[in-house]
Protein chains: 2
Amino acid sequence: MASLKIPELVPSAAEDSQQLRKAFVGLGTDEARIIEILGHRNAAQRKLIRETYQTTYEKDLLKDLDGEISGDFQMWHSFSIFLNPHRITLGMLLLFNSASAYNAIQMALQRVVHLWTMDPAERDACLANEATKHLPDNNCIIMEIACARPSDDLFKVRQTYHACYKKSLEEDISDHSTEDFRKLLVPLVTAFRYEGDEVNMTLASNEAKILHEKISDNAYSDEELIRILSIRSKTQLNATFNQYNDQFGNAINKDLKSIPKDAYLKLLRSAIKCLTKPEKYFEKVLRLAMKGMGTNEESLTRVVATRAEIDMELIKERYYQRNSMPLDRVISDDTSGGYERMLLALIGHGDL
Amino acid sequence: MASLKIPELVPSAAEDSQQLRKAFVGLGTDEARIIEILGHRNAAQRKLIRETYQTTYEKDLLKDLDGEISGDFQMWHSFSIFLNPHRITLGMLLLFNSASAYNAIQMALQRVVHLWTMDPAERDACLANEATKHLPDNNCIIMEIACARPSDDLFKVRQTYHACYKKSLEEDISDHSTEDFRKLLVPLVTAFRYEGDEVNMTLASNEAKILHEKISDNAYSDEELIRILSIRSKTQLNATFNQYNDQFGNAINKDLKSIPKDAYLKLLRSAIKCLTKPEKYFEKVLRLAMKGMGTNEESLTRVVATRAEIDMELIKERYYQRNSMPLDRVISDDTSGGYERMLLALIGHGDL
C-alpha cells in the first residue's frame, strides 16, 4: 500500500509546470511549493509534468530542480559523499560547520526531489548504475532492484539501462563485481519471474531439500542454490522457504547466519527477505539508516523515494511494530529543513 | 532480408478471413487458397486476419486450420514423430505406404501453416516449450531462440511463455536439462543484450584471452566463458571472436572442435555461430535437414517458418554458395504436395 497522498482535485500538468517555474524564478527558491506539488503527484502525473515543462519552457525539469535546490558549494562533487560508504554524516557536519550542514541538507533535498521526480525505471537504472561504481559496498542496491520489483518493472529497468548507459545492466554488474557476488547478482537481475499464484508443493519440498543440503555443506554460492533463487516465482519461493522451515526446523535465513558478518551471506539473506517479505527488508534498512548518531541519508532517501508509491504503509506498520516508534517521528528527529518536509510528504505524514 | 512476398494490393483482413472460411467449407479443403493467402502476409497482417476471423466466425483460425489440413489418422498423436529425433522420415514412409505418406505430407503442411500463422513470439514460446520436453536432443531449438532473436523479441518470447505455460521459460529449461547444458542455456535465454554498435576493443582483447585460456584448459562450461557469451552485445562478441582469431591464429569454433561429436561442444559452437552469423547457422541446419535420403521436416519447417520474415534471402544466398544448388530446387526435390508449395511460397519462390 502506497503512502503517497494525492489531492482529490489534481491541477493540470500545465498548471503544475507553471507553479514549479514560479517557484524557481526570482531570488531564492520556493521549496515549499516544489514539495507541495511534486510530493503529492504519482508517477504518471510527474511524467506528464516533466513533459509539459519541457515543451513549455524548453528546459529539463530535473536539471532545473537540481540547479534551484542547491547549497553554495559545488554540488555534484560533494554528492559523492552520499555514495561513499565512509561518508561524513549529516550529524558530524552539523557539529563542525553550520554552513556545510545547510548545504548538506540542501543536497539531501535535491537528491530526494531528483530521484522522486524521475520515472521509476529511470530512477532504478540510475541507482543501479551508481551502485555498480561502488561495488561490493552497494551490492544491496542492485539486489533490491532485482528482488523487490515486479518482473515487468525489472525488465523496464534493464531496457532503460540500455538507453541511458549504452550497455546492459548485467555487463556493468559483472565488470564491477567479483566471484560469489557476481555469481549471485547477474542471475538475480536477469530474472523474469512468473508472477502467477500457482505453487508446486512437490517442487517446493524437493528444492527445500536441495537448499538445505547446499547450506549444510557451506556451498552458499552453489550454482543450484542460486538457480533456485533466481528462476522461481516469488510465490513458489515462499512455499520452498516454508518447506525448509517445516522440514529442518529453522528458517532458511537463520541457517544462513553461520558467519554473521560475512558480506556475501548478508546479501543472500537480504535477497531472500526482499523476495518474500520486502516490507521487512526495507524496515530494517530504514532502522539501520537512523540508528544511533548520524543518519545514512542515502539509504533513507532511496527507500522513501522507491517505496512511497508501492508499500510504504506496510513498511511504516512494520517499523512501528519493530521499534515502537512511528517512522515519521524518527524521520523528524533525524532530518531537518526541506529534506525533512519532502520525506514526510512522501511517507504520507499529515493532511493534504 | 526477408524472403516473404506480399502483394502490392493486400486484401482487407475481412476479405482474407472470408476467403479462408470459404477454403474450409464444403467437401475437401482448398489448400491452394490457404497458401495463397497466408503464405503472402506478414506477421502484422496475419495477426489481424486471426483477430478478424475470431470476431467474425467466433472460431480460432489456428484450430480450424489444424482441423482442415489433416490426414486420415489421428494427427496430434502422429505429430510426435516430428519431435522424435529417431523419427521415420518422409522418404521412408513413401516407400512403405502411400496412404501414410499422404498423411505425413498433410501433417507437414499442417505444421508449417500452424507455425507460420502464429504470432512470432507465440510461435517461439511454443517451439521452446515443445523443445523442453525433448532435451537434450532439442537443445539447439532453445539456443536458436535465445541467440538468433533480437533482445526485445527474446523478451517477448519470455513474456508469452508466462502467459501460455504458467511458468518461466528458464524454469522449464532448468527442470528438463542437466549439468553443462543447463549452465549454458539458462543464461542464454535470460539475456537481454545491448544492441548498439559500440565496441570496446580493450575488453574484446581481454575477453578473447579469457576464452582462449578456458578453452585451452578444456573448461568449456566455465562460468566466466558462459558469462561472456551471455551478457555481451552481439557486436562486442563479434569483435572478441575476431580478436581471438588474430591473437591465437584459429577461429574460436575451430578450437571448440577438440571432441567433434561432443553434444555440449556442438551446442557451444552453434551458439557462437548463431550470435554472430545466424545465416551461416541456418544454412547448415537446412543443409543437414535435406542431406542424403529422407528429410528432417521438423528442422526444415522451423527454419523456414522462423526466418522467412527475417533473413531468408541471406540464408538462400549462403545456401547457394555452400551447396552450388538453389535452396528452392532442393526443397522441391525433397518435399511434395501442399507442404512443398507452402515452403516455396515462404522462401519467395516464383512470382506473386
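Since this is a predicted model, take the numbers as computed values, not measurements. Letters A, B, ... are given to chains in the order of the sequence lines, protein chains preceding strands, and every chain is numbered from 1.
Annotation for A:Lys47: atom NZ does not count as buried by contact number, only 12 or fewer foreign heavy atoms lying within 6.0 Å. Within a 6.0 Å sphere centred on NZ of B:Lys214, other residues, nucleotides and ligands contribute more than 12 heavy atoms. Atom NZ of A:Lys266 is surrounded by 12 or fewer heavy atoms from other residues, nucleotides or ligands within 6.0 Å. Residue B:Glu195 places its CD atom among more than 12 non-hydrogen atoms of other residues, nucleotides or ligands, all under 6.0 Å distant. Within a 6.0 Å sphere centred on CG of B:Asp197, other residues, nucleotides and ligands contribute 12 heavy atoms or fewer.
Between A:His162 and B:Tyr194, the angle of the ring planes goes over 60°, which puts this pair in the perpendicular group of the 30/60° scheme.
With respect to chain B, the highest number of heavy-atom pairs below 4.5 Å among A:Glu170, A:Arg182, A:Lys166 belongs to A:Lys166.
With a threshold of 4.5 angstrom between heavy atoms, A:Tyr165 does not approach chain B through any atom at all. Heavy atoms of A:Glu198 lying under 4.5 Å from chain B belong exclusively to its side chain. With a threshold of 4.5 angstrom between heavy atoms, A:Arg227 approaches chain B through side-chain atoms but not through N, CA, C or O. Looking at A:Ala191, the atoms closer than 4.5 Å to chain B (heavy atoms on both sides) all sit in the backbone: N, CA, C or O.
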Can you check side chain to side chain contact (heavy atoms under 4.5 Å, CB included) on A:Glu223 and B:Glu223, steps first, answer last? CA-CA 10 Å; A:Glu223 190 232 329; B:Glu223 190 232 329; over 6 Å; no
With side chain to side chain contact (heavy atoms under 4.5 Å, CB included) as the test, would you mind laying out the steps for B:Asp152 and A:Gln159 before giving the verdict? CA-CA 9 Å; B:Asp152 280 332; A:Gln159 266 186 317; 3.7 Å; yes
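Every residue meeting the side chain to side chain contact (heavy atoms under 4.5 Å, CB included) condition with B:Gln247, not counting sequence neighbours, appears here in chain and number order: B:Ser205, B:Ala208, B:Lys209, B:Gln243.
Under a 4.0 Å N-O distance rule, the pair A:Arg232/B:Asp175 qualifies as a salt bridge.
Taking OG1 of B:Thr190 as the reference point, atom CZ of A:Arg158 lies at 6.5 Å (rounded to 0.5 Å).
Shown here for B:Ser168 and A:Ile231, the closest heavy-atom pair between the two residues is OG-O, 3.7 Å.
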